[in-house]
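Below you'll find the structure, written out as structure tokens, and then a few comments.
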Amino acid sequence: MTNHSVVTEFILLGILHTEGLETMLFVLFLSFYLFILMGNLLILLAIISSTQLHTLMYFFLCKLSVFDIFFPSVSSPKMLFYLSGNSAISYAGCVSQLFFYHFLGCTECFLYTVMPYDHFVACYPLRYTVIMSHSVCAILALGTSIFGCIRAIFLTTLTFQLSYCGLNEVDYYFCDIPVMLKLACADISALEMVGFISVGLMPLSCFLLILTSYNHIFYSILQIHSAEGRRCAFSTCSAHLTAILLFYTPVVLIYLQPTPSLWLNATVQVLNNLVTPMLNPLIYSLWNKEVKSSLRKILYHLGFLPEHL
């Protein structure tokens, strides 16, 4: 391929310093991916099968589980193909991967921002059903997806309106904005700044909104007179805060670094793409009595648990 030829496919070079570890990483990442699918499908089954969990709060948890299935599915299958020896990805495939990665990731980011609002309103049970009506809930759920889609279209267009000629080796294990901009045949300084603002500062802004919401939530919880009520409220909020920290920490580390490190980025991105979606079902089931109880019933009916546990 000459320096002036138009790129029609890219070669994924994978994670730095992992030569000779392909088989071990394939087994490890495949195990993570299967646990993600199994764990989040069980959470969905637990919520759908229990009428007690057919509330607006669990509707958002359902949507989170769906996105925790699809988000790692954008990069994980191709990463597994790379580890098994097939490292090529078409130009259209690279565009699709970048779009869906940021669409699903951004929607999940907005969803994490909306969920504390639901928890805050839940502190006022007499007004909860009035404020969080089904129409409001649907608007919030749909709004997160629409804004996520708009942002993903903007970032994908921004990245691929550039010309890609000559070099086609992506020094990463999937197509993401920082590594793709390095291959462009153009001045990317302005685009890097726009990408930094859009990809880095937007999640940071959402995170600050979440912290503000939880400041009000914890104040409201402290006003609850019942010790059991406070314990239950803190348990629900603790699960969500743990999931938030697992989601936002990798995003901040990857996109707000002053001097990006490919090896650190890849390691943190694996955490974000595989480990966090795998841990979310554990977090929400272990710290939630209703979900835990529903999961026990499902596992019992599937024959994985004895009748008396």
Side-chain angles (χ1 to χ4, degrees), residues 1 7-45 64-105 108 156 159 167-180 182-183 243 246-247 249-251 253-255 257 260-285 299 302 304:
M1 184 176 287
V7 172
T8 57
E9 71 171 16
F10 295 98
I11 306 298
L12 301 174
L13 299 181
I15 303 172
L16 289 174
H17 313 307
T18 57
E19 295 80 5
L21 301 174
E22 287 82 4
T23 303
M24 186 190 75
L25 290 176
F26 180 87
V27 173
L28 180 65
F29 293 157
L30 179 60
S31 302
F32 282 171
Y33 187 55
L34 292 176
F35 275 120
I36 288 168
L37 298 179
M38 183 176 65
N40 284 288
L41 284 172
L42 281 173
I43 290 290
L44 285 171
L45 280 173
L64 182 64
S65 291
V66 170
F67 276 80
D68 273 343
I69 291 172
F70 285 112
F71 180 62
S73 298
V74 173
S75 59
S76 298
K78 195 62 194 175
M79 178 172 63
L80 293 172
F81 279 125
Y82 151 73
L83 291 171
S84 60
N86 183 6
S87 59
I89 183 170
S90 68
Y91 185 92
C94 196
V95 173
S96 300
Q97 192 177 61
L98 192 144
F99 168 77
F100 283 107
Y101 183 80
H102 285 278
F103 163 57
L104 294 166
E108 198 162 341
T156 306
T159 304
L167 293 175
N168 71 334
E169 293 184 337
V170 180
D171 204 7
Y172 215 46
Y173 66 92
F174 75 102
C175 298
D176 199 11
I177 294 170
V179 289
M180 295 309 299
K182 290 181 180 179
L183 302 180
L246 284 171
F247 180 82
T249 303
V251 174
L253 285 174
I254 292 166
Y255 296 108
Q257 287 181 79
S261 163
L262 283 177
W263 184 84
L264 177 63
N265 282 5
T267 306
V268 173
Q269 202 106 42
V270 167
L271 171 68
N272 192 40
N273 294 358
L274 288 172
V275 179
T276 300
M278 182 181 67
L279 291 178
N280 274 349
L282 290 173
I283 292 167
Y284 283 106
S285 61
L299 293 173
L302 292 174
F304 292 109

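Quantities reported herein were computed from a predicted structural model and do not represent experimental measurements.
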* If we ignore angles and hydrogens, is there a donor and acceptor under 3.5 Å between the side chains of Gln269 and Tyr173? ->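 No pair is found: no donor N or O on one side chain lies under 3.5 Å from an acceptor on the other.
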Under a 3.5 Å distance rule, please check whether [X] uses its side chain to pair with a backbone N or O of [Y] as donor and acceptor.
| X | Y | result |
| --- | --- | --- |
| Asn273 | Ser76 | no |
| Thr18 | Leu21 | no |
| Lys78 | Ser73 | no |

* To do: Output all residues satisfying side-chain contact (heavy atoms from CB on, under 4.5 Å) with Thr156, sequence neighbours left out; order by chain, then residue number.
  =>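 Thr156 satisfies side-chain contact (heavy atoms from CB on, under 4.5 Å) with Val95, Leu98, Phe99, Phe160 once adjacent residues are dropped.
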* To do: Apply side-chain contact (heavy atoms from CB on, under 4.5 Å) to Asn272 and list each qualifying residue two or more places apart in sequence or on a separate chain.
  =>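 Here the qualifying residues are Phe71, Tyr101, Phe247, Pro250, Val251.
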Looking only at non-hydrogen atoms, find the nearest pair between [X] and [Y] and report the distance.
| X | Y | value |
| --- | --- | --- |
| Pro77 | Pro72 | CD-O, 3.9 Å |
| Asn168 | Glu9 | ND2-O, 3.2 Å |
| Leu183 | Glu169 | CD2-O, 3.5 Å |
| Leu246 | Leu279 | CD1-CD1, 4.1 Å |
| Val179 | Phe174 | CG2-O, 4.1 Å |
| Val74 | Leu104 | CG2-CD1, 3.5 Å |

* Asked: Is any side-chain heavy atom of Pro281 closer than 4.5 Å to a side-chain heavy atom of Leu42?
  ->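 Side-chain contact under 4.5 Å: no.
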* To do: Show your working on side chain to side chain contact (heavy atoms under 4.5 Å, CB included) between Leu12 and Met79 and close with a plain yes or no.
  => CA-CA 9 Å; Leu12 301 174; Met79 178 172 63; over 6 Å; no
* **Flag if over 12 foreign heavy atoms under 6.0 Å of CZ, Phe100** =>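 Not buried by this count: 12 neighbours or fewer within 6.0 Å.
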Spacing of [X] atom [atom1] and [Y] atom [atom2] [to the nearest 0.5 Å]:
| X | Y | atom1 | atom2 | value |
| --- | --- | --- | --- | --- |
| Thr267 | Ile15 | OG1 | CD1 | 6.5 Å |
| Phe70 | Phe67 | CZ | CZ | 8.5 Å |
| Tyr33 | Leu80 | OH | CG | 8.5 Å |
| Ile11 | Ser87 | CD1 | OG | 5.0 Å |
| Leu274 | Leu30 | CG | CG | 10.0 Å |
| Thr276 | Ile283 | OG1 | CD1 | 8.0 Å |

* Check the pair Leu44 / Ile69 against side chain to side chain contact (heavy atoms under 4.5 Å, CB included), numbers first and verdict last. => CA-CA 11 Å; Leu44 285 171; Ile69 291 172; 4.1 Å; yes
